[in-house]
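Lettering of chains follows the sequences in order, A, B, ..., and the numbering in each one begins at 1.
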Amino acid sequence: MSVKVYNTMTRSKEEFTPRSPGHVRIYVCGVTVYDLSHVGHARSAMVFDVIQRYLRFKGYRVTFVRNFTDVDDRIIRRANAEGVPAAELSERYIQAFREDMAAIGVAPADVEPKATEHIPEMIALIERLVAKGFAYTVNGDVYFEIRRFRAYGRLSGKNLDELLAGARVEVDERKRDPRDFALWKSAKPGEPAWPSPWGPGRPGWHVECSAMATKYLGESFDVHGGGEDLIFPHHECEIAQSEADTGRPLARYWLHNGMVNFGAEKMSKSLGNVLTIREFVKRHAPDAFRLFVLGTHYRHPVDFAEERVRDSARALERLTRLVHDAHALSRDPSASAAVPEDLQDFRARFEAAMDDDFNTPQALGVLFDLARVLSEARDRTSADERAREHFAGGVSELVTLGQVLGLLQRAAEVGGTPADVLRLVEDRGQARARRDWRRADQLRDEIQRLGWSVEDTPSGPRVARKGA
RNA sequence: GGCGGCGUAGCCAAGUGGCCAAGGCGGAGGUCUGCAAAACCUCUAUUCAGCGGUUCGAAUCCGCUCGCCGCCUCCA
């Protein structure tokens with residue numbers, strides 16, 4: 001079965017075939033590191049994390065690149081306000097971003113290039129564009145001349161004349177055309193600057209991605225991704241620069257994730273309606289966010305709401321419980337049991353959903369269908385050994401498929417229960433046997449204080465880490 | 001104004017020509033139970049914003065109407 005992806009460039013679903021058979025090269029626009037990242041950034045990162053995971057699951061080798069924009073007006077402004085060097089500020093937020101990603105289970109990219117470490121590549125690209133007549137210099141600035149590149153506007157479906165008509169673009173007398181964009185900005189006092197053929201300055205935003213993507217993935221790679229708010233002008237400009245330079249398509253497939261809305265409006269710094277990832281993980285389990293995000297197709301907008309995340313957390317519990325129960329039943333949880341024949345259909349359904357432009361809501365439906373079957377199977381496990389094996393095999397399949405979506409990672413690696421907790425559980429069992437309910441309830445409270453929960457089931461007490 | 005998209009049960013959300021319109025949350029009933037909680041089982045949209053059309057057949061295609069959102073400016 002082959003993967004189909006929706007390509008923004010052609011506005012249709014296309015069969016996915018990487019340029020090099022078996023090897024997928026992906027570039028995703030990362031964040032500008034001038035502040036803490038919010039759940040909108042988290043969604044984007046998570047969407048491409050899942051895409052990347054799925055392609056690996058399908059047997060592709062994947063080279064995944066996600067950049068950091070660490071030189072930019074906002075970084076400079078913020079650094080000046082705080083009285084620290086821009087490099088120090090951006091480094092702080094790169095660290096924060098990495099911590100946040102780890103907290104929500106988003107894997108690091110294979111390469112995470114920073115703009116400031118690729119200035120020579122950018123200068124070289126700009127020089128080529130000047131030499132080829134696509135760019136011009138004015139007093140230390142370099143601009144890309146939009147009219148020289150025929151295909152400008154193709155990705156975003158913009159009509160060049162209408163762009164001009166609507167022009168809310170800053171009027172800058174030095175540009176030949178208001179729609180031209182900066183490749184190189186000359187340094188003003190107090191700004192970080194690098195030497196260049198046009199004098200000291202810094203790169204424009206769009207040129208970073210072109211230079212870094214090409215450096216790590218080649219002139220023409222497979223997937224270029226990012227939020228849909230980057231389609232114009234960012235990705236449009238990247239295409240113009242790179243393709244003017246090489247004459248080859250920068251990427252074969254352009255994938256864009258929908259926005260996160262907060263109170264019916266797009267979550268965004270400029271609107272001030274953001275929730276940082278940091279703030280979020282204080283209140284919710286990471287997997288609850290993942291389930292929440294993946295419950296909507298990646299191209300659609302999603303309205304963020306606490307209540308909705310809590311719904312996801314409840315749903316998630318049903319899955320993690322199955323995993324914990326399988327561990328409790330199995331002598332050797334690391335030995336993954338064979339997938340029972342009657343459960344093999346689920347993987348096919350899961351793949352069919354994911355093959356269709358990464359339809360995670362449908363894939364989750366398959367996981368919950370499997371969970372229902374497993375729940376019934378669990379009820380029979382106390383009786384016989386074969387039922388236990390069947391259950392264990394089914395749960396291992398649930399974990400395998402869940403991990404493709406980045407779910408159930410922690411639940412699956414849950415180790416033993418600490419001895420002190422086990423002792424309390426044991427004591428409580430004895431108290432219950434004596435019908436000493438007061439003592440039993442005291443012990444339950446104590447167990448909960450240690451961050452664990454205990455529930456009584458027909459087959460004995462069930463112990464679990466809270467929120468896992 | 002230009003471009004793109006959305007409107008499916010109380011809430012969220014798949015489905016985009018033809019088996020009973022996935023799945024989750026919530027709700028109702030039941031099993032289990034010292035209590036509590038959980039879990040498990042069953043049920044929960046004759047109907048897909050509205051109107052008209054194409055078709056043997058439409059939530060799915062076409063047209064119109066209403067409502068909502070994104071991009072066109074820094075933005076994941």
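If you check every strand for non-hydrogen atoms under 4.0 Å, Ser156(A) touches sugar and phosphate atoms only. Gly30(A) comes within 4.0 angstrom of the backbone, heavy atoms only, and of no base. Base engagement by Gly40(A) is indicated by at least one non-hydrogen atom pair under 4.0 Å involving a base atom. Within the nucleic acid shown, Val260(A) comes within 4.0 Å of at least one base atom, counting heavy atoms only. Counting non-hydrogen atoms under 4.0 angstrom, Asn359(A) reaches the backbone sugars and phosphates but no base. Among the heavy atoms of the strands lying under 4.0 Å from Arg308(A) are primed sugar atoms or P, OP1, OP2 only; no base atom is included. At a threshold of 4.0 angstrom between heavy atoms, the contacts of Glu376(A) are confined to the sugar-phosphate backbone, with no base atom among them. Using a 4.0 Å heavy-atom cutoff across all strands shown, Pro361(A) reaches at least one base atom of the nucleic acid. Among the atoms of the strands shown, only primed sugar atoms or phosphate atoms (P, OP1, OP2) are found under 4.0 Å from some heavy atom of His297(A). Across all strands, Arg439(A) comes closer than 4.0 Å to no nucleic acid atom at all (heavy-atom distances).
Atom CG of Leu160(A) is separated from atom C1' of C72(B) by 12 Å (rounded to the nearest Å). The interatomic distance linking Phe181(A) (CZ) with U73(B) (P) rounds to 14 Å, in whole Å. In this structure, Phe304(A) places its CZ atom 15 Å from P of C12(B), rounding to the nearest Å. Separating the NZ atom of Lys158(A) from the P atom of G4(B) is a distance of 10 Å, rounded to the nearest angstrom. As rounded to whole Å, 10 Å separates atom C1' of G34(B) from atom CZ of Arg428(A). Here the C1' atom of nucleotide A76(B) and the OH atom of Tyr34(A) are 11 Å apart, to the nearest Å. Between the CZ atom of Arg299(A) and the C1' atom of G5(B) there is a distance of 10 Å, rounded to whole Å. Rounded to whole Å, atom C1' of A13(B) lies 17 Å from atom OH of Tyr298(A).
Separation of the C1' atoms belonging to A21(B) and A13(B) is 13 Å when rounded to the nearest angstrom. Comparing the same atom, C1', in A59(B) and in G50(B) gives a spacing of 14 Å after rounding to whole Å. A gap of 6 Å separates the C1' atoms of G18(B) and G57(B), to the nearest Å. Nucleotides G15(B) and A9(B) place their P atoms 16 Å apart, quoted to the nearest Å. Atom P of G7(B) sits at a distance of 12 Å from the matching atom of C12(B), rounded to the whole Å. Here, A28(B) and C48(B) have their C1' atoms 25 Å apart, quoted to the whole Å. A45(B) and G5(B) have their P atoms separated by 32 Å, given to the nearest Å. Nucleotides C62(B) and U55(B), compared at atom P, are 16 Å apart to the nearest Å.
Each of C71(B), C74(B), A76(B) was ranked by its minimum atom distance to the side chain of Leu230(A); first place goes to A76(B). Distance from the side chain of Gln362(A) is smallest for A14(B) among the nucleotides G70(B), C41(B), A14(B). Here the side chain of Arg318(A) is nearest to one of A76(B), A39(B), C72(B), namely A39(B). Relative to the side chain of Lys266(A), the nucleotides A76(B), G23(B), C35(B) differ in distance, and A76(B) lies closest. Checked against G34(B), G70(B), A14(B), the side chain of His300(A) finds its nearest nucleotide in A14(B). Of the candidates A76(B), C74(B), C25(B), C74(B) carries the atom nearest the Ser270(A) side chain, counting heavy atoms from C-beta on. Set against C25(B), G70(B), G24(B), the side chain of Phe368(A) has G24(B) as its closest nucleotide. Comparing A76(B), G2(B), G34(B) against the side chain of Asp229(A) picks out A76(B) as the nearest. Distances from the side chain of Arg444(A) to the nucleotides C35(B), C40(B), A76(B) place C35(B) closest. Closest contact between the side chain of Ala440(A) and the listed nucleotides G24(B), G15(B), G34(B) involves G34(B).
Under the 4.0 Å criterion applied to side-chain N and carboxylate O atoms, Arg252(A) and Asp222(A) are assigned as salt-bridge partners.
With ring centers used as reference points, Phe304(A) lies 6.0 Å or more from His38(A). Note: Phe48(A) and Tyr298(A) fail the aromatic proximity criterion, with ring centroids not under 6.0 Å apart.
Relative orientation of the Trp254(A) and His235(A) rings is tilted, given thresholds of 30° and 60° on the angle between their planes. Taking the six-membered ring where the residue is Trp, Tyr54(A) and Phe358(A) present perpendicular rings, their angle passing 60° and hence far from 30°. Aromatic ring pairs are classed by plane angle as parallel below 30°, tilted from 30° to 60° and perpendicular above 60°; the pair His234(A) and His206(A) is tilted.
Position along RNA chain B of the nearest nucleotide to Leu364(A) versus His234(A) favours Leu364(A) as the more 5'-ward residue. Nearest-nucleotide mapping onto RNA chain B: of Asp72(A) and Arg310(A), the residue sitting toward the 5' end is Arg310(A).
Residues that satisfy the side chain to side chain donor-acceptor pair (under 3.5 Å) test with Glu112(A), not counting sequence neighbours, are Arg98(A).
Base pairing annotation: U73(B) forms no Watson-Crick or G-U wobble pair, as no partner gives both donor-acceptor distances under 3.5 Å. Searching all strands for a Watson-Crick or G-U wobble partner of C20(B) with both distances below 3.5 Å returns nothing. Across all strands shown, G29(B) forms a Watson-Crick or G-U wobble pair, both distances under 3.5 Å, with C41(B). Both distances falling under 3.5 Å, in either a Watson-Crick or a G-U wobble arrangement, occur for no nucleotide opposite U46(B). Across the strands present, C66(B) finds its partner in G7(B); the criterion is a Watson-Crick or G-U wobble pair with both atom distances under 3.5 angstrom.
Looking only at side-chain heavy atoms (C-beta outward), Val207(A) and Phe144(A) stay at 4.5 Å or farther from each other.
Of all non-hydrogen atoms in Ala440(A) and Arg432(A), the two that sit nearest each other are CB-CG, 3.7 Å.
Distances shorter than 4.0 Å separate none of the side-chain N or O atoms of Arg11(A) from OP1 or OP2 on G5(B). Here Arg314(A) reaches the OP1 or OP2 of G26(B): one of its side-chain N or O atoms lies under 4.0 Å away.
The base of G34(B) sits with one of its N or O atoms less than 3.5 Å from a complementary donor or acceptor on the side chain of Asp441(A).
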